[in-house]
Structures are given as structure tokens and as C-alpha cells.
Amino acid sequence: MPPIVFATGNANKVKEANAALRGAFEIIGLDEIGCREELPETSPTLEGNALEKARYVHQHYQADCFSEDTGLEVEALNGAPGVYSARYAGPARDAEANMGLLLSNLKGVENRNARFRTVIALILDGQEYTFEGIVNGQIIHIKKGKGGFGYDPIFVPEGYNRTFAQMPVEEKNAISHRGRAIAKLKAFLQEYGKG
Ligand code: ITT
């Protein structure tokens, strides 16, 4: 079975996906198909961006592929930063600056409810499919942990007292937004006969 391209420029996402999909089917990164350009992400929704990235790779490289877009949706901020999570504090996509801005916007706010939401878009044999994964949790007041990436040091998933950054990748994957979306993708691919 030919490998499926994971259309992302984010090496952390590839690492998490590989850990989750190990043994099920082979995924390869954009580097391996010679795609080094930045993928377009111009939609105001996670679904739209995920589809845009996957369509770009499918059209330019004629490969079966999937991409994903993830946002952190904070209840007290009406769902912000959401689809704009990567550039919340500016175009530099700086995780430290993004967390700093989020914590300052939540200063004095009691409602710390938030969720990560991932949408995966898959293009397989020319057909488009989407899969969603959500994890609910809380934004804490100070950063904790050195693992993970992005907003992980300030996010504590529901039912836990540690942040995603304090968990090994397997533990995060088992309950995370991306882990849940990837589990749906994996089940679909196995059913489809690609796994
Ligand atoms: P792509 O090439 O796949 O687009 P990206 O890094 O641009 O990679 P996103 O647009 O999906 O990815 O990133 C949205 C933001 O959310 C970005 O700031 C990430 O650091 C953050 N983020 C995504 N997944 C996360 C996770 O599992 N834990 C913490 N933060 C995460």
C-alpha cells in the first residue's frame, strides 16, 4: 500500500501522528515528496484550513494525503484564539508570546474552561473526508512542564491535574484532540483497506 502524506510543516504533529499510527500504516512528511513551500491557510475555520492544505498537496503532488488544523478555544474569550491560535500574538508564531498574551487576556477571569479542537482533512482516491477530535480542559495561571508544544504548558485536560506538557507523548495522545481525530482516521483507513 503506498504511504499517505501528512501535509504539515509542523514536525511535532508528525511525531505525534507517528507514535499514534505506528504499525497501522505508513505516513510520510512533506520533505519526502519534495514539498518545501508553506501551505495555504486562508480560511476562517479549522475545517476550511485543513481542506485547503490537503487540496494543495493533492493538486500539486498527486498524492493521497491528510492535513489537520488545530485551535485552542477559550470559553471566556468567545472561542478565541481558535483558528488564529498559531498567530495569536503576531506573525512570528511564537508559543511563549502566544501563551503570555492568552494569560494576560484571562487575568482576573474565573472561567478558565477551554478546549482543543482538531479537524483532519483526508483526500483518498480523489474523495474528501473530515474527522474531528476534541479535548476539554482548563487554562491554568502559570506554565508547567517541558514536553509537548504550543499551548501545552498551560492546558490541563479534564480529569487530570497535570498539563499536556507534563505528560509523555503516549499519554497525551491517548486523550488529546489530535489523538482522538487520528484514532478516527486510523479506524477509517483500516476499514477502507489502507491499514
Ligand atoms: P501546520 O503546518 O500543520 O499548519 P501549524 O504549526 O501551523 O502546522 P496549526 O495552524 O494547526 O499548526 O497550529 C495552531 C496553533 O495551535 C499553534 O500555535 C500550535 O502551537 C497550537 N497547537 C496545535 N496543536 C497543539 C497541541 O497539541 N498542544 C498545544 N498547542 C497546540
Side-chain angles (χ1 to χ4, degrees), residues 6-20 29-31 35-54 56-57 66-109 111-121 133-157 160 162-169 171-173 175-182:
F6 187 1
T8 178
N10 185 327
N12 287 298
K13 290 184 179 178
V14 179
K15 194 171 140 202
E16 288 191 2
N18 262 317
L30 290 175
D31 265 5
C35 174
R36 292 190 175 79
E37 60 270 29
E38 189 158 335
L39 303 179
E41 258 184 292
T42 61
S43 166
T45 65
L46 297 176
E47 289 80 358
N49 278 337
L51 279 166
E52 194 177 2
K53 290 186 275 190
Y56 180 91
V57 170
F66 69 93
S67 74
E68 66 99 287
D69 205 29
T70 294
L72 175 63
E73 301 174 340
V74 179
E75 198 171 277
L77 302 176
N78 299 315
V83 71
Y84 304 109
S85 295
R87 297 179 182 82
Y88 192 39
R93 297 166 156 263
D94 179 339
E96 292 300 317
N98 287 339
M99 283 189 284
L101 179 60
L102 185 63
L103 290 178
S104 96
N105 287 341
L106 286 177
K107 217 173 205 144
V109 176
N111 176 2
R112 314 291 293 191
N113 294 339
R115 65 180 195 174
F116 275 114
R117 191 163 73 90
T118 291
V119 177
I120 290 178
I134 290 173
V135 61
N136 293 311
Q138 299 279 315
I139 303 297
I140 57 171
H141 292 81
I142 49 159
K143 290 179 270 179
K144 288 187 187 167
K146 299 258 177 271
F149 66 100
Y151 296 88
D152 281 344
I154 56 170
F155 184 85
V156 172
Y160 289 75
R162 283 169 298 139
T163 68
F164 270 158
Q166 293 176 297
M167 298 180 181
V169 63
E171 192 178 4
K172 176 184 171 188
N173 264 338
I175 55 167
S176 79
H177 45 303
R178 186 168 308 99
R180 287 175 174 162
I182 286 176

(Q) Using modelled atom types and a 3.5 Å cut-off, is there a donor and acceptor pairing between side-chain atoms of R162 and backbone atoms of G145? (A) no
Q) With no hydrogens and no angle check, is any side-chain donor or acceptor of D152 less than 3.5 Å from a backbone partner on F149? A) yes
Q) Which of these passes side-chain contact (heavy atoms from CB on, under 4.5 Å) with T163: K144, Q138, K172? A) K144
Q) If you look at every heavy atom in S67 and A7, which pair is closest and at what distance? A) CB-O, 3.4 Å
For residues 70-80, tabulate all N or O donor-acceptor pairs below 3.5 Å that involve a side-chain atom, not counting sequence neighbours.
unit_1 : atom_1 : unit_2 : atom_2 : d
T70    : OG1    : E68    : OE1    : 3.0
T70    : OG1    : E68    : OE2    : 3.2
T70    : OG1    : T118   : OG1    : 2.9
T70    : OG1    : R178   : NH2    : 3.4
E73    : OE1    : R115   : NE     : 2.7
E73    : OE1    : R115   : NH2    : 3.0
E73    : OE2    : R117   : NE     : 3.2
E75    : OE2    : N111   : ND2    : 2.8
E75    : OE2    : N113   : ND2    : 3.3

Q) Nearest heavy-atom pair of A50 and V119: which atoms, and what distance? A) CB-O, 3.5 Å
Q. Can you list the residues that meet the side-chain hydrogen bond (donor to acceptor under 3.5 Å, both in side chains) rule with R93, with sequence neighbours excluded?
A. none
(Q) For E38, is the CD atom crowded, meaning more than 12 foreign heavy atoms sit under 6.0 Å from it? (A) no
Q.
Test of understanding: with side chain to side chain contact (heavy atoms under 4.5 Å, CB included), list the residues that count as partners of D31, not counting sequence neighbours.
A. R36
Q: Please report the shortest heavy-atom distance between L102 and P81, naming the atom on each side.
A: CD1-CD, 4.1 Å
Q. For A89, which residues count as a side chain to side chain contact (heavy atoms under 4.5 Å, CB included) partner, sequence neighbours excluded?
A. A97, N98, L101
Q: Could you tell me the separation between the CE atom of M99 and the CG atom of D94, rounded to the nearest 0.5 Å?
A: 8.5 Å
Q) About how many Å separate CG of D69 and OG of S85, when rounded to the nearest 0.5 Å? A) 8.5 Å
Q) What is the distance from atom OH of Y160 to atom CE of M167, rounded to the nearest 0.5 Å? A) 5.5 Å
Q. What distance separates L39 CG from T8 OG1, expressed to the nearest 0.5 Å?
A. 7.5 Å
Q. Hey, does F164 have a side-chain heavy atom less than 4.5 Å from the side chain of H177?
A. yes
Q | From I154 atom CD1 to L103 atom CG, the distance as rounded to the nearest 0.5 Å | A | 4.5 Å
Q.
Going by side chain to side chain contact (heavy atoms under 4.5 Å, CB included), name the residues that satisfy it together with A19, two or more places apart in sequence or in a different chain.
A. R22, N173
Q: Could you list the residues that satisfy ring-ring contact (aromatic ring centres under 6.0 Å, His included) with Y56, not counting sequence neighbours?
A: H60
(Q) Main chain of P157, side chain of N136: is a donor-acceptor contact present, judged purely on distance under 3.5 Å? (A) no
Q) Where is the tightest heavy-atom contact between T42 and N49, given as atom of each residue plus distance? A) N-OD1, 3.2 Å
Q: Enter the distance from F155:CZ to Q166:CD here, rounded to the nearest 0.5 Å.
A: 13.5 Å
